[in-house]
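Accompanying notes for the structure given below.
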Amino acid sequence: MEELMAILFVSLLVMVPFFSGILMLAGKGRDSRILLPVWTATALLAGFMLVKGGAFHVVIGGLYGVELMFDTFSWTFVLMNGLVFIGVTLSVKKERLPFLACPLMAMLHGTANAVFISYDLFNIFICIDLIGILAFLFIRLGKRPRQIWSAVQYLIVGNVGMILYLVGCLYGYKATGSFSMETLPAIPSVAVYLLVIGLSVKGGVFLAGLWLPEAHGEAESAVSALLSGVIVKCGIAPLLRLAELSPVASEIVPVLAVASAIYGVSYAVFDKDIKKMLAYHTISQAGFILAVPGAGHLYAISHGLFKSWLFIAAGNLPSRDLESLKQDGIKAEFWLPLFLGALAISGMPLLGGFGAKSIIFGQLSGFPAFLMYIAAIGTAVSFAKIVFLPLSAGGDLKKALSLSGLFFLACLVFRDIAAGYFVVSYILKSLVIIGTGWAIYFLVTSRKSVHLPKGAESLEHIIGLLFIMLLFMIGVSGL
Amino acid sequence: MDIVFLARLLLLSVILIGLWGVLYKKNLIMKIIAMDIMNTGAISLFVLSSWQRSRAPVIADSTVKVATSDPVPQAVILTAIVVGFSVLALLVVYVMDLSRYFHTLDTDRIQERWKS
Amino acid sequence: MRIPFDIRKAYFAAAIVVAVFLAIIPDTELGREYNAFLIAAKAGIPNTVTAIYLENRLYDTMFEVMVFSISITGALYFLKKENKFQLHDSLFTDPATIIIFRGCAMLSFLSACALAAVGHLSPGGGFAAGVAFGTSMVIQSLISDRNHLSNYLSMERPEKLEKSSWIFILAISLLTFSEIIPPDGVWGNLLSGGWIPMLNILIAIKVGLGTWALSLGFLDHKWIF
Amino acid sequence: MTGHGLLVVGAVLLMPVMAFFTLREDHILHAIIGRGMLGIAAAIAYAFMGAPDVAVTEALMGAFLVTLLYVVVFSSGEEFRVGYVELPMIVSKEAEKLEGFAVDLLTEFGRKIKVKPNFVSFESRQALLEAVREGYMDMAIGPFVYPFDESDNYLTLPIIETRIFKKNGGEWIDLLSLMYGPENRTFDRASAEMEKGFYSVLLSEDAHDLKDILFSFMGDEENIAVPELKKKYFGVTK
């Protein structure tokens with residue numbers, strides 16, 4: 001019975017998007033709204049299974065086959081995948097997308113689902129490689145020379161990371177005779193480090209993910225929304241599983257998470273380019289997601305929603321430069337979505353980010369908690385730049401919340417109510433964090449501008465740093 | 001010295017030579033070839049691990065029990081070869097497209113343009 | 001940023017240390033010598049690598065086919081778009097070269113057919129066959145006039161064939177997952193092992209057409225660097 | 001060490017050697033040949049290690065890859081892209097043949113640095129300016145006048161002097177467009193002031209090396225091609 005259910009889920013989550021992608025490719029379809037039923041089916045199925053509860057895992061193909069896992073964790077990510085795709089599709093309907101975009105979206109959807117339900121190290125390797133190729137094509141769709149360069153950089157770094165992951169898989173197989181994730185506790189720690197590094201390249205986590213600001217900042221805004229909303233999660237979801245299952249990884253991943261949160265925020269506070277700033281926040285939010293491996297998926301769904309909303313809202317702006325936006329002001333119809341998104345990511349109650357942050361802070365303690373509070377305040381500081389952008393005259397508030405905006409907003413509000421963290425102490429805490437952040441913004445950062453060095457974001461440095469990190473992990477565990 | 005250990009050292013050195021190329025070569029095509037060499041090294045490690053000093057995993061008769069190499073790493077690594085090839089083909093197209101805009105394949109010179 | 005020499009040396013040194021760590025991990029003896037035996041008995045074909053590739057881990061292979069097809073599609077999309085130059089004449093005109101190349105093309109075409117047909121019985125299989133077919137086509141294109149060649153082969157029908165073989169591969173994968181498999185047949189026969197020979201041929205067609213289209217795309221382009 | 005073990009070690013030993021020789025080369029063609037040999041060494045090693053399937057795939061894939069890269073290198077030709085909007089004497093198309101001062105100048109320049117110009121026709125000034133800014137075109141020639149067309153998005157390199165007619169509203173037209181272009185009927189010459197300007201070549205920011213070479217080509221005192229061309233088209237030598 002479970003086998004049959006699994007086949008049904010695989011055909012609905014993976015095969016249907018693939019088939020529709022191939023058919024769109026053959027029929028040269030350009031309208032992404034045709035695919036809305038596919039996304040909706042994913043979201044509805046995931047929502048139903050979340051409400052129903054329960055978990056089971058299945059091996060497809062018998063002996064040495066591929067193991068799939070259907071539990072709350074995977075269904076949460078699948079739900080996020082469906083919701084983000086619905087929102088992005090609703091937002092890009094007016095543009096004429098290039099011909100390749102719609103088939104690629106369908107295939108990306110299917111592959112992301114496959115990553116989230118996979119419980120097999122090698123299957124994750126191949127799915128993430130497919131995700132990498134799709135992202136590579138997506139980044140290039142905008143045609144600017146710089147996008148080609150950032151795509152090439154992305155693929156080279158990602159491929160080196162995947163080679164490390166492959167070697168990690170091999171050592172895992174050698175020790176246990178299986179690729180299933182259940183064997184993770186038994187595999188040697190060096191292999192776990194290789195797996196962690198390989199996944200953190202795709203997940204945009206600290207150091208390994210430094211390709212991210214360039215690629216996400218340069219891509220078209222709808223593409224950036226997909227990159228930050230879904231593609232980054234395809235690295236993070238297996239990483240979370242790894243941290244949950246393997247004791248070695250559960251020590252190393254939270255360290256990476258905190259470093260990632262602090263690093264991303266400290267660059268975002270001083271960046272004047274709105275898309276670059278959002279891209280740096282993807283690094284820092286990856287840290288928030290990974291900080292508590294047991295609850296990361298609950299943060300991930302919120303992050304997927306508000307980050308893709310923010311990227312879409314930022315794409316509508318007349319300029320990317322925050323200084324010039326500050327002088328000219330922005331029209332109300334562009335301002336409102338940005339404002340709400342910025343509040344959500346800062347953790348304002350009723351807007352998605354609050355419940356997620358409360359979950360994370362509820363389970364952290366000690367020094368990591370202190371550092372994460374700093375990162376949360378930093379988030380508020382950097383988003384104060386958006387919150388306090390002046391309104392210019394002549395805007396139309398009615399146009400502000402388009403279909404996609406309403407959709408995202410509804411999801412975020414519902415998400416927060418579902419989290420059930422409306423306790424006075426949590427509300428106070430988050431308000432204090434936001435207040436401190438805004439105070440710092442007015443007192444310090446709005447008056448000073450600091451240029452942090454960005455040398456580490458070049459190709460050779462990222463690749464080299466992968467090995468430095470590996471050595472560091474081996475050294476720490478050896479001591 | 002154990003043959004498998006010796007072979008493994010040599011194959012890891014293939015990966016290292018590839019890495020050296022990725023780090024030091026300036027030409028993007030050379031970087032891609034170096035990456036391919038790294039990939040070849042990783043693939044060879046899989047094949048080496050499947051080698052149990054016995055024959056190929058093709059069985060003549062399903063009723064006689066014979067010891068063979070482990071077919072599982074070999075089968076999964078076929079997949080990885082294809083993936084490596086696909087990535088490479090796509091990268092070559094992109095890199096050549098890049099050269100159309102910059103008239104150079106030197107990574108330092110391309111990166112110089114956005115040194116803000 | 002121009003990278004200081006020293007830092008890259010440090011990166012490389014770190015990589016060497018990591019490699020040493022990877023080399024000294026001891027092997028565990030798990031006794032996997034009889035793996036192949038179990039798999040062959042289940043799939044009903046002698047070549048166990050193909051059995052795993054196309055039956056036990058067909059789920060992976062499905063994604064592999066997706067990776068390959070998508071990257072070929074993307075490459076062709078970006079190759080087609082701009083700067084399409086005139087079809088060039090043949091690159092080689094020397095008669096001796098042409099005869100040798102023609103022989104090579106013939107040989108790799110024949111090996112492609114053989115690999116695809118008996119991939120489940122002997123080493124080989126769909127992907128290898130497809131690549132061999134692609135190689136034979138690119139060699140053929142190097143020695144013959146492309147205008148002349150395109151009279152015989154318009155690219156439209158191959159494109160349809162490629163798409164439909166793609167869909168068939170996915171559909172057969174789905175059937176295999178749900179264990180709807182035709183009977184195994186006689187051990188060692190050309191038609192044995194359920195869907196496996198069929199999948200081999202379909203993958204060979206898919207990969208062969210893809211590599212062929214890719215190499216034609218490359219040939220039609222003038223590169224600048 | 002058994003005989004078979006020696007064979008395996010020997011075949012595996014070939015791989016790092018080939019990898020080293022591949023990456024030691026700076027010449028791409030040599031590196032590609034090196035990659036081909038690495039593929040063959042790997043296939044031999046796999047065959048000895050009891051993995052004939054992987055060996056076949058690796059050998060065939062290596063062969064195909066090397067052929068493909070070889071094709072890329074073999075069919076590489078150098079060119080730069082010049083967009084033009086027709087303007088008599090500077091660039092004009094007659095009987096499928098381009099001629100004009102700027103065309104001859106750039107052809108001469110291309111001959112000197114052994115890179116061919118590839119001329120692409122554009123309908124309007126705006127479309128061409130857009131293409132230069134985006135980097136699709138390396139250069140633009142036609143009714144582009146220094147200092148009126150100066151912008152941060154591209155460089156202007158003056159090639160020959162002209163006169164510009166400018167109105168109070170900021171509207172302007174160059175001499176040749178006024179004489180031959182379709183605008184000469186709509187432009188009211190009487191109310192315009194005359195100023196000095198230069199017909200120029202616009203260079204994209206992305207045309208990396210090209211702009212330095214072209215600047216030095218134009219500024220070279222010993223270069224007799226430029227004055228000769230000026231004499232041919234405009235009868236002046238300055």
Side-chain angles (χ1 to χ4, degrees), chain B residues 1 3-4 6-8 10-11 13-18 20-21 24-25 27 29-30 32-34 36-38 40-41 43-44 46-48 50-58 68-71 73-75 77-78 81-82 84-85 88-89 92 96 99-105 109-110 113, chain D residues 1-2 4-6 8-9 11-20 22-28 31-32 34-35 38-39 41-42 45-55 57-58 61-62 64-65 68-69 72-73 76 78-81 115 134-136 138 204-210:
Chain B
M1 200 192 272
I3 296 168
V4 174
L6 191 62
R8 197 194 301 156
L10 288 170
L11 293 179
S13 75
V14 173
I15 297 186
L16 283 179
I17 290 171
W20 170 71
Y24 278 85
K25 285 284 160 182
N27 190 312
I29 292 272
M30 291 299 283
I32 292 175
I33 291 177
D36 188 46
I37 288 174
M38 275 179 91
T40 309
I43 290 164
S44 311
F46 265 77
V47 175
L48 181 66
S50 81
W51 181 45
Q52 324 233 345
R53 283 173 235 195
S54 44
R55 35 177 304 185
V58 181
T68 66
S69 303
D70 190 354
Q74 293 184 16
I77 211 59
L78 279 181
I81 292 178
V82 179
F85 168 77
L88 207 83
V92 170
M96 302 322 288
S99 74
R100 197 191 304 287
Y101 294 112
F102 299 110
H103 294 281
T104 178
L105 284 174
R109 302 195 65 165
I110 297 174
R113 298 175 42 78
Chain D
M1 222 180 245
T2 59
H4 191 185
L6 267 179
V8 168
V9 171
V12 171
L13 188 63
L14 272 177
M15 291 178 63
V17 173
M18 290 304 169
F20 179 72
T22 305
L23 291 178
R24 206 192 53 165
E25 290 292 342
D26 273 331
H27 197 283
I28 294 181
I32 291 171
R35 171 65 186 84
L38 173 69
Y46 299 165
F48 283 140
M49 288 192 279
D53 289 80
V54 191
T57 310
E58 172 72 41
M61 199 206 67
F64 180 73
L65 199 69
L68 207 63
L69 286 172
V72 170
V73 175
S76 75
E78 301 218 353
E79 56 139 38
F80 58 95
R81 289 146 296 152
V115 184
E134 296 277 315
Y136 284 114
D138 296 317
S204 162
E205 285 281 319
D206 290 320
H208 214 282
D209 301 341
L210 220 53

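Reckoned from all heavy atoms, side chains included, excluding hydrogens, waters and symmetry mates. Below, chain A is the first sequence line, B the second, and so on; all start at residue 1. These numbers were taken from a predicted model, which means no experiment stands behind them.
For D/V54, the parts sitting under 4.5 Å from any heavy atom of chain B are the backbone and the side chain alike. With a 4.5 angstrom heavy-atom cutoff, B/I15 does not touch chain D via any of its atoms. Of the atoms belonging to B/L16, not a single heavy atom falls under 4.5 Å from chain D. Both the backbone and the side chain of B/I17 come within contact range of chain D, judged by heavy atoms closer than 4.5 Å. Only the side chain of B/L78 comes within contact range of chain D, with at least one heavy atom under 4.5 Å from a heavy atom of that chain. Looking at D/F48, the atoms closer than 4.5 Å to chain B (heavy atoms on both sides) all sit in the backbone: N, CA, C or O. Neither the backbone nor the side chain of D/A45 comes within contact range of chain B, judged by heavy atoms closer than 4.5 Å. Interface residue D/L13: backbone and side-chain heavy atoms are both found under 4.5 Å from chain B.
Closest approach of D/L14 and D/A41 over heavy atoms only: CB-CB, 3.8 Å. Minimum interatomic distance between B/L10 and D/P16 (heavy atoms only, all atoms of both residues): O-CG, 3.8 Å. D/E25 and B/M30 make their closest contact through O-CE, 3.0 Å (heavy atoms, listed as atom of the first residue, atom of the second, distance). Contact record, D/M61 with D/R35: CE-NH2, 4.1 Å, taken as the closest heavy-atom pair. In this structure, B/P57 and D/P52 approach most closely via the heavy-atom pair CD-CD, 4.5 Å. Heavy-atom minimum distance, B/S50 versus B/P73: CB-CG, 3.9 Å.
Proximity of a side-chain donor or acceptor of D/E58 to a complementary backbone N or O of B/I81 within less than 3.5 Å is not detected.
Of the listed residues (B/A56, B/G18, B/A89), the greatest number of heavy-atom pairs within a distance under 4.5 Å of chain D belongs to B/A56. Of the listed residues (B/I77, B/L11, B/D36, B/I33), the one with the most heavy-atom contacts under 4.5 Å to chain D is B/D36. Contact count against chain D (heavy-atom pairs under 4.5 Å) is highest for B/I43 among B/I43, B/V4, B/I32.
Ring planes of B/W20 and D/F20: parallel class, angle under 30° (limits at 30 and 60°).
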